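Note that the structure is a prediction, hence the values are computed from the model and not measured. Computed over heavy atoms, backbone and side chain alike; hydrogens, waters and symmetry mates excluded. So you know, we letter chains A, B, ... as the sequences are listed, proteins then strands, and number each from 1.
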Amino acid sequence: MKDRSEIVTGLAEILEEVAGVNPDDVAEEKSFTEDLDVDSLSMVEVVVAAEEKFDVKIPDDEVQNLKTVGDAVSYIQKNAA
Amino acid sequence: MGSRIAALGHYQPARIVTNHDLAGMVETNDEWIRDRVGIVSRRISEGEGVADMATYAAEKALAASGLNAADIDLVIVATCSAEDRCPNMATRVARRLGVPTPAAYDLNTACSGFSYALANADHAISAGAARNAIVIGAEKLSDVIDWQDRTVSIIFADGAGAAVVTHSDEAAIGPVVWGSAPEKGEMIRIEGWQPSVKQEGQAVFRWATTAVAQHARLACEKAGVAPEELAAFVPHQANTRIVDAIAKRLGLSENAVVAKDLVESGNTSAASVPLALSKLVERHEVPSGAPVLLFGFGGGLTYAGQVVRCP
């Protein structure tokens, strides 16, 4: 299983690529929409990229529950193949 | 024996509705719409119906083709906003064009309609069931928009595009890739007797930016054209971010023209592909004979597309 900091780093790479977020700003307590300024469509792109990177399925219904980077890390840790 | 697009034509209502105009009607603003959808202005009917706009676009295509109305034996109108259930739009268009006895039908696969209709015409001509067809995408979505619903009123618009398709020794319309995702079919809806468009934006965005790119790649494969060889990509004009995401996944060459007519035309569903293609050709942005990938996707969720040689 990947450790949490490894997943945060991976998400930071995706956020930079998809939404131009500075990787230094990415931390577990940060909200995607409020703190990192990721809009709803970019969030979909982040989710799709995260599925590929972490070999995990993130269904449409689940996306709305991923408010913070930490939420995503927990989900990926729990569900990654 | 195959078929080719001989000529194109399009029609848009004169009335321009800008993002600033919409900001006066619902809680929205220009920056938000440009950022999320990419539309700056759209054309909205001043009374023209679907059959009117379809006829105007078809007249231009027919005139540019050099054929006469009497040469046409197949008329297909792709639309999800026909003003009446019967008679269909295709016979109304045929009557006004003076096409005497065509096979004439409407086809509803919402935003993918033009590519479905183009495939139908190609198949009919290749099978010898028709010689010259007019294929039209026409929509008056302003009739099925709840103008108080800011999630849809900023997106959809009115217009029509048409192609004259004729027999050809060389198959200049490539094999269609078509299909649907019925389990996701309810994600875009125009339901009931006083309908208004509803859609689940995020889920549709996800499908459009992932699955559709794979289907579009298959259309290139079937035509024997590598994505990097395409001169232009004319996808359904849904959203610039969807268009960009699909284009990126396809891996087009730097010189390829990517249609972004929605910036000034909005999302016109079945009309968007022929409208954008007709304008590219009118502006000589794509050389004659060059390979162009058309790809429609949307309500249903249906999709269809093919590589065609630019007329």
task = Sort B:Arg241 into side chain, backbone, both or neither according to what part of it lies under 4.5 angstrom from a heavy atom of chain A.
result = side chain

Residues 248-277 of chain B: residues contacting chain A (heavy atom under 4.5 Å, by number) = B:Lys248, B:Arg249

query = Is the shortest side-chain N to carboxylate O distance from A:Asp60 to B:Lys184 below 4.0 Å?
reply = no

inquiry  = Does atom CD (B:Glu31) have a neighbourhood of more than 12 heavy atoms from anything else shown, all under 6.0 Å?
reply    = no

ask   = Of all heavy-atom pairs between A:Ser40 and B:Arg36, which one has the smallest distance, and what is that distance?
value = OG-NH1, 4.0 Å

task = Using a cut-off of 6.0 Å, state whether more than 12 heavy atoms not belonging to B:Arg150 lie near its atom CZ.
result = no

query = Taking everything shown except A:Glu34 itself, do over 12 heavy atoms lie less than 6.0 Å from its CD?
reply = no

query = Counting only heavy atoms not in A:Asp25, do more than 12 fall under 6.0 Å of its CG?
reply = yes

query = What do the steps show when you test B:Ile242 against A:Leu41 for side chain to side chain contact (heavy atoms under 4.5 Å, CB included), and what is the final call?
reply = CA-CA 9 Å; B:Ile242 292 176; A:Leu41 299 184; over 6 Å; no

